[in-house]
Amino acid sequence: MTGHPTPGAGAVRPRLPGQPGRPDVFTFGETMIALRGGGPLKLGGTLQVSIAGAESNVAIGLARLGHDVRWAGAVGADEAGQLVLRTLRAEGVEVSGASTDPEAPTGLLWSEPRLPDVTRVHYYRTGSAGSRLTADLVRGAVSAAPPRVLHLTGITPSLSPTARRAARQVLPLARECGSLVCLDVNFRARLWTATEATAVLRTWVPFVDVLIASDDELPLCLPGGTDTEGQRPSLAAQAGLLLDLGVGEVVVTLGAKGATAFTRGGRVHRPAPSVRAVDAVGAGDAFVAGYLSALLDGEEPAGRLARGVTTGAFAVASAGDWEGAPTRAELGMLDAPPGTVVR
């Protein structure tokens, strides 16, 4: 990108205004039972039982902020699947598009804090109900209620060829419905290789309006990851390539350093609030929920980033993938001085 344009100019807007029966956001993917240990699994101990899934984490975060959110996915005909659906309903997420697979179990993940700042996650999702997600299920859910925003991640296509087809086929449908498409790259090295991810995600780029990625994930979406000298281009140069390919805005998450949004109007950066870190798992999903919430509210990129880093900070300051997601009324609590008691 060249010149010094005004930040926020030319930013993306949802194409489809809010209408009765049309949700703010539709997302889909696999949600699993999450077993969280207090230490190394090989030593035994107690486990906390919850649910987890990148897309459903975002859905819960948006629902807590007051948005109409729908989630679709497949769970097993088991108690674990019932917990997934029950939890999402309790959090205000509409799940009528979900299905129950009598021939496959609900997926499972174990997480173990190995060091104060290092957590290991072990997946048991091969052959799971969620990996058998079908294109018909997703197309039916989108056609029945076209959303203002379709949110998808790079996790779903990594699960199986079936799930990959489901994700790929919904992209042109979203465009036909006038839905804005948000892609969170969310690369998982334990699910597929960078080469496999690159081959898929680069074909998705022409359909994407809002692309969200960490700084090390961004090259997975680029037509070329290095320059002629074998060096990775700067973030601004990488974002510029994606904008030239038709992406409306590129949002790069930088962990404790905050996040930067690149649009055709320029770049905007927002540092992350300083909080006492408890659990970094789910922070990226919480950021996405906050960013999309502000976008739906009509905020400019600076406002979107501000809400995104705020919701991300809530996640970091709380244990669990989604449990710490704030309500709209709680967004200002990070500004309270230490020791504040809200009565």
Side-chain angles (χ1 to χ4, degrees), residues 25-34 51-62 69-76 81 84 88 93 95 97-99 101 104-109 121 123-142 147 149-175 179-205 207-214 217 220-221 282 284-285 288-289 292 321-322:
V25 179
F26 170 74
T27 188
F28 62 96
E30 179 174 34
T31 298
M32 301 160 286
I33 288 295
I51 70 167
E55 299 84 6
S56 56
N57 293 345
V58 172
I60 290 172
L62 283 161
V69 190
R70 302 189 180 191
W71 174 88
V75 298
V84 168
L88 291 174
V93 178
V95 295
S99 68
D101 188 335
T106 301
L108 168 70
L109 72 81
V121 178
Y123 296 109
Y124 298 86
R125 55 204 306 181
T126 301
S128 66
S131 71
R132 291 153 57 102
L133 179 72
T134 67
D136 286 344
L137 184 147
V138 177
R139 282 199 306 266
V142 172
V149 175
L150 167 69
H151 173 65
L152 68 165
T153 76
I155 295 176
T156 299
S158 74
L159 300 178
S160 69
T162 301
R164 190 173 304 171
R165 284 193 295 272
R168 178 61 180 82
Q169 291 183 25
V170 79
L171 289 168
L173 177 59
R175 173 160 290 182
S179 303
L180 178 145
V181 175
C182 173
L183 169 64
D184 181 6
V185 173
N186 229 329
F187 176 67
R188 295 289 184 267
R190 289 196 172 189
L191 297 178
W192 60 350
T193 67
T195 300
E196 291 172 325
T198 296
V200 172
L201 297 179
R202 288 180 183 174
T203 67
W204 289 14
V205 165
F207 296 94
V208 175
D209 297 294
V210 179
L211 190 147
I212 302 176
S214 62
E217 292 172 334
L220 298 175
C221 301
D285 301 329
V288 173
L292 289 180
D321 286 60
W322 53 268

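- Using a 4.5 Å cut-off on side-chain heavy atoms (C-beta onward), Ser131 and Arg125 make no contact.
- Note: Arg168 CZ to Thr203 OG1 = 5.5 Å, rounded to the nearest 0.5 Å.
- In this structure, the separation between SG on Cys221 and CG on Leu201 is 5.0 Å, given to the nearest 0.5 Å.
- Under a 3.5 Å cut-off, the side chain of Glu217 and the backbone N or O of Val185 do not form any donor-acceptor pair.
- When all heavy atoms are compared, the tightest approach of Phe207 to Arg175 is CA-NH2, 3.6 Å.
- A donor-acceptor pair is defined here as one N or O able to donate and one able to accept, closer than 3.5 Å; no such pair exists between the side chain of Gln169 and the backbone of Ala166.
- Closest heavy-atom contact between Ala174 and Val181: CB-CG2, 3.8 Å.
- Closest non-hydrogen pair, Cys182 versus Ile212, comes out as SG-CD1, 3.9 Å.
- Contact check for Thr106 versus Val84: side-chain heavy atoms found under the 4.5 Å cut-off.
- Annotation: side chain of Ile60 is in contact with side chain of Val93 (closest heavy-atom distance under 4.5 Å).
- The salt bridge (charged side-chain N to carboxylate O under 4.0 Å, His left out) test applied to Asp184 returns no partner, not counting sequence neighbours.
- From Asp285, atom CG reaches atom CG of Asn186 across 5.5 Å, with rounding to the nearest 0.5 Å.
- Using a 4.5 Å cut-off on side-chain heavy atoms (C-beta onward), Leu62 and Thr27 make no contact.
- When atom types are taken as modelled, the side chain of Trp322 and the backbone of Ile51 share a donor-acceptor pair closer than 3.5 angstrom.
- A distance-only check finds no donor-acceptor pair linking the side chain of Arg70 to the backbone of Phe28 [under 3.5 Å].
- Between Glu30 and Ser128, the side chains place a donor N or O and an acceptor N or O closer than 3.5 Å (distance only, hydrogens not considered).
- The side-chain heavy atoms of His151 and Val58, taken from C-beta on, include a pair separated by under 4.5 Å.
- Here the side chains of Phe187 and Trp192 are in contact, with some heavy-atom distance below 4.5 Å.
- A side-chain N or O of Glu55 and one of Thr156 form a donor-acceptor pair less than 3.5 Å apart.
- The distance from the OG atom of Ser160 to the CG atom of Leu191 is 11.0 Å, given to the nearest 0.5 Å.
- We find the CE-CG distance between Met32 and Leu109 to be 4.5 Å, quoted to the nearest 0.5 Å.
- The CG atom of Leu152 sits 10.0 Å away from the CZ atom of Phe26 when rounded to the nearest 0.5 Å.
- Side-chain polar atoms of Thr31 and Ser56 form a donor-acceptor pair below 3.5 angstrom.
- Between Gly73 and Leu133, the shortest heavy-atom contact is CA-CD1, 3.8 Å.
- What you find for Val208 and Val210 is that their closest heavy atoms are CG1-O, 3.3 Å.
- Counting all heavy atoms, side chain and backbone alike, Pro147 lies closest to Val25 at CB-C, 4.1 Å.
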